[in-house]
Amino acid sequence: MTNEIYCSNCAHKNSANSIFCESCGEILRNTNLLNINQQINTIDELFNEEKQRSLNDFILTLEIYEIIIQNIIENGQNNIIYKRNMTTFQRVKEIAKAYTIVTTKEDEKSYGEYLFNIIKVDNNFDSAQQIATLLHELTHFLFNEIIKQILMYIWNIKSSSMLDAYIQTITSIPQILLISEYCASSTEREFLDEKYVSFSSFNSICHDINYDENIIKKALIIGKPMSESIINILNNFIDKQLKIQIKKEFIKNNTKANMKPICINDEVIPNFPIFRNVNLMNLICESYEITNEEEIHEKIVNYEKIVKNIEKQRIENLKKQEEYNIEL
């Protein structure tokens, strides 16, 4: 194993355990940290004393967190596809497709949803509402992806259907879902005019937990800086011009305002990344203990079957598309 890593920015030689370049300060892309061969494929591999001990002992530093965020940005940049003369909606959709599967639904029960690595958008609504939905649901994916890559880092594993099923399970826990919904609505607040921003899902969870001040405060301590991270990821794809076009889409469609203000004052909550990391790791450890029950194990196994079927269908669709392209 090499004892050095070369900076991709200035070519300076650094020690293998360096996180930042000693010469220029660039984050070092040591692919050994996030690209490995081991993976979790069974419940026994997911829940054991070694995994729990590594979680309890791990310290999520600011440097490691930023490496994970940068890795997520680069994953999207490697997958993004733009075509000429794309509409505003199509551009936003391509950003979402750079990360996950995007499909449509037509039940008009909700604007959209994110589940099992699939974003579903109801195409009965106008293009502006669909853009807002894409941004909201993509934030849920990115939130899940941050937690997933933290676990990949801690456990020194690569992605798997079992890990995806586990992430789906823990992010449905109210304390974690509350943070995810805060981040999703905060993304709306960043890219949409205020009158189209809705915190309805966040407010609903607050109601369900009887407005527990301790839970809500911890959620915001984690959520505010995580929201900034997700907006930072999106800003790598949404430039100033696209931001303007997104807002113009609502005017063009004469979209009805649907503002639902946040039910608490989040401005008084401090925004300290180190507090985010400490509280996030505590929540990840607590979630691991909560889900280490036989009944929940069965749920995770069932989720894994769904994830596998979705991935199988995705691969089949890609093959069909390739065959179609060849025929053309």
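All heavy atoms count here, side chains included; hydrogens, waters and symmetry mates do not.
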Within-4.5 Å side-chain heavy-atom neighbours: Gln70 and Ile73: yes

Nearest-0.5 Å distance, CD1 of residue Ile315 to CD1 of residue Ile310: 12.5 Å

Phe191: which of Asn235, Ile131, Val197 passes side-chain contact (heavy atoms from CB on, under 4.5 Å): Asn235

Within-4.5 Å side-chain heavy-atom neighbours: Asp122 and Ser110: no

His140 and Tyr114 aromatic ring geometry - parallel, tilted or perpendicular at 30°/60° bounds: parallel

Val268 reachable from Ile264 in the ILVMFWY side-chain graph, under 4.5 Å edges: yes

More than 12 heavy atoms from other groups under 6.0 Å of NZ on Lys243: yes

Residue pair Asn117 / Thr100, side-chain donor-acceptor N/O under 3.5 Å: no

Positive for side chain to side chain donor-acceptor pair (under 3.5 Å) with Ser161, one of Gln39, Lys308, Glu304: Glu304

Pairwise side-chain contact, Ile69 with Ile230, heavy-atom cut-off 4.5 Å (strictly under): no

Contact check, side chains of Met162 and Ile157, non-hydrogen atoms, under 4.5 Å: no

Salt bridge Asp266-Lys224, side-chain N to carboxylate O under 4.0 Å: no

Ile167 side chain near Tyr303 side chain, heavy-atom distance below 4.5 Å: no

Lys105/Asp107 salt bridge by N-O under 4.0 Å criterion: yes

Contact check, side chains of Phe47 and Thr42, non-hydrogen atoms, under 4.5 Å: no

